[in-house]
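One structure is given here, and the rest of the page talks about it.
Just so it is clear: chains get the letters A, B, ... in the order the sequence lines come, proteins before strands, and each one is counted from 1. Remember, predicted model here, so these are calculated numbers, not experimental data.
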Number of protein chains: 2
Amino acid sequence: MSLPDQAEGTTRRPSRQRSAVLALLDGLDGFRSAQDLHALLRQRGDSVGLATVYRALQALVDDGQVDVLRGDDGEASYRRCSTGHHHHLVCRSCGRTVEVADPPVERWAARVAAEHGFADVQHQLEVFGICSDCAARG
Amino acid sequence: MSLPDQAEGTTRRPSRQRSAVLALLDGLDGFRSAQDLHALLRQRGDSVGLATVYRALQALVDDGQVDVLRGDDGEASYRRCSTGHHHHLVCRSCGRTVEVADPPVERWAARVAAEHGFADVQHQLEVFGICSDCAARG
DNA sequence: AGCGTTCATGGGAATCATTCTCACATAGGT
DNA sequence: ACCTATGTGAGAATGATTCCCATGAACGCT
């Protein structure tokens, strides 16, 4: 039972590694695990330590520039996202993701929580499916 | 990226350990980690191996008798739940949980997925907050 | 009840993602 | 160039979960 912290405009010293991670994420269209990202960076020639990849991702998440998602196996996946509040429609097979918004659910969550006396409310909503490409591919 | 499997009416041989896990869950009102449940069983005197607790929980989840939830730290938490489709309003502090239903979001998820060509759709929606008891307690 | 087969258990090893440690490198300011 | 605070990297440490395998309990049959 842990909760997301408030994003703070953390001042960070720029570094080649941090940029590499962000650049890599910019070129990808789905959620990827830290391990995957690390492997991709190595293939690409940008050698970055695994621990640094984790640190960079954590920092980006804290800054709200990257979204993180926990798969059913507990592994965290990361994706470059728009900064506003939104949810995801994720392909279970290839990880391709579409950002979606749903104002009604925001209100619903707030109302339900209030009805039961819960405060400081947050919610998480993700939709999983098989995208048309993967469905066609078999 | 893994997906929940179809629940199958798996035939299982009854055992003291399995019953103990289920009985313990029946007496609790919030999500608890497998490690917690194991510790509670030991305190209570029902000695059960950790691996067995994991196996029992997995079986119960497959049977739909127990819901599983991944915390922000990736640790899985389990709770005895009603069998129908529902979501949860969970206290971040004590884990106390209320089951809630929201038909509109079901339709919304299906529609959004269809609009983007996604098939075989599932969704997960959980609401987190601080329950009134914990808020009062500080 | 006796017996063999099959499945469950438990404990310790193995796995695997993630975090920690700490010596070294590097950015920025002076 | 020099100092100092901060980032990096390699490997160790952590911790949840799963695997392995020898032992034990349930079922079916007679």
(request) Decide salt bridge (Lys or Arg N to Asp or Glu O under 4.0 Å) for B/D26 and B/R80; before the verdict, give the C-alpha distance in whole Å, the side-chain angles of both, and the deciding distance to 0.1 Å. (result) CA-CA 6 Å; B/D26 270 326; B/R80 184 78 204 270; 2.8 Å; yes
(request) Measure from the side-chain heavy atoms of B/R16 and tell me the nearest of D/dT8, D/dT17, C/dG10. (result) C/dG10
(message) Suppose we call two aromatic rings close when their centres sit under 6.0 Å apart. Are B/H85 and B/H123 close by that rule?
(response) yes
(message) Measure CG/B/L41 against C1'/C/dT9 and give the value in whole Å, please.
(response) 14 Å
(request) Take the protein atom CZ of B/R55 and the nucleotide atom P of D/dC21, then report the distance between them rounded to whole Å. (result) 14 Å
(message) Of the options C/dA8, D/dC27, C/dT18, whose atoms approach the side-chain atoms of B/R18 most closely?
(response) C/dA8
(request) Check the distance between D/dA16's C1' and B/D36's CG and give it to me in whole angstrom. (result) 12 Å
(request) Ignoring hydrogens and angles, answer whether the base of C/dA27 and the side-chain atoms of A/R13 contain a donor-acceptor pair closer than 3.5 Å. (result) yes
(request) In whole angstrom, give the distance that lies between atom CZ of B/R12 and atom P of C/dT9. (result) 9 Å
(request) Output, in order, the C-alpha distance, side-chain angles, deciding distance and verdict of salt bridge (Lys or Arg N to Asp or Glu O under 4.0 Å) for A/D72 and B/R70. (result) CA-CA 8 Å; A/D72 280 353; B/R70 292 273 174 185; over 6 Å; no
(message) Tell me the interatomic distance from A/L60, atom CG, to D/dG7, atom P, rounded to whole angstroms.
(response) 13 Å
(request) Examine the side chains of B/E99 and B/S82 and answer whether a donor and an acceptor come within less than 3.5 Å of each other. (result) yes
(request) Give the intermediate values and the outcome of side chain to side chain contact (heavy atoms under 4.5 Å, CB included) for residues A/V127 and A/V90. (result) CA-CA 6 Å; A/V127 183; A/V90 186; over 6 Å; no
(message) For C/dA8 and B/Q17 - does any side-chain N or O of the residue sit under 4.0 Å from the phosphate oxygens OP1/OP2?
(response) no
(request) Round to a whole Å and report the spacing from OH of A/Y54 to P of C/dA17. (result) 7 Å
(message) Short of 4.0 Å, heavy atom to strand atom, which residues of residues 43-53 of chain A count as contacting DNA chain C?
(response) A/L50, A/A51
(message) Could you tell me how far apart B/E75 (CD) and D/dT18 (P) are, to the nearest whole angstrom?
(response) 12 Å
(request) Check whether any side-chain N or O of B/H87 sits under 3.5 Å from a backbone N or O of B/L125 as a donor-acceptor pair, and report yes or no. (result) yes
(message) Less than 3.5 Å apart, any donor N or O on the side chain of A/H86 or A/D67 sitting next to an acceptor on the other?
(response) yes
(request) Could you check which of D/dA16, C/dA17, D/dT8 has an atom nearest any side-chain atom of A/Q35? (result) C/dA17
(message) Tell me the interatomic distance from A/D73, atom CG, to D/dG15, atom C1', rounded to whole angstroms.
(response) 16 Å
(request) Using a cut-off of strictly less than 4.0 Å, decide whether A/S15 has a side-chain nitrogen or oxygen near OP1 or OP2 of D/dT8. (result) yes
Expected rows: protein N/O vs nucleotides 28-30 of chain D N/O, under 3.5 Å:
none

(message) Assess, by modelled atom type and distance only, whether the side chains of A/R55 and A/Q17 contain a donor and an acceptor separated by less than 3.5 Å.
(response) no
(request) Ignoring hydrogens and angles, tell me if any N or O in the side chain of B/R32 forms a donor-acceptor pair with the backbone of B/R79 under 3.5 Å. (result) no
(message) Check this one for me: any side-chain N or O of A/Q58 less than 4.0 Å away from OP1 or OP2 of C/dT18?
(response) no
(request) With the side chain of B/P14 defined as its heavy atoms from C-beta on, choose the nearest nucleotide among D/dG7, D/dC27, C/dT18. (result) D/dC27
(request) Answer with yes or no whether the side chains of B/Q35 and B/Y54 bring together a donor and an acceptor at under 3.5 Å. (result) yes
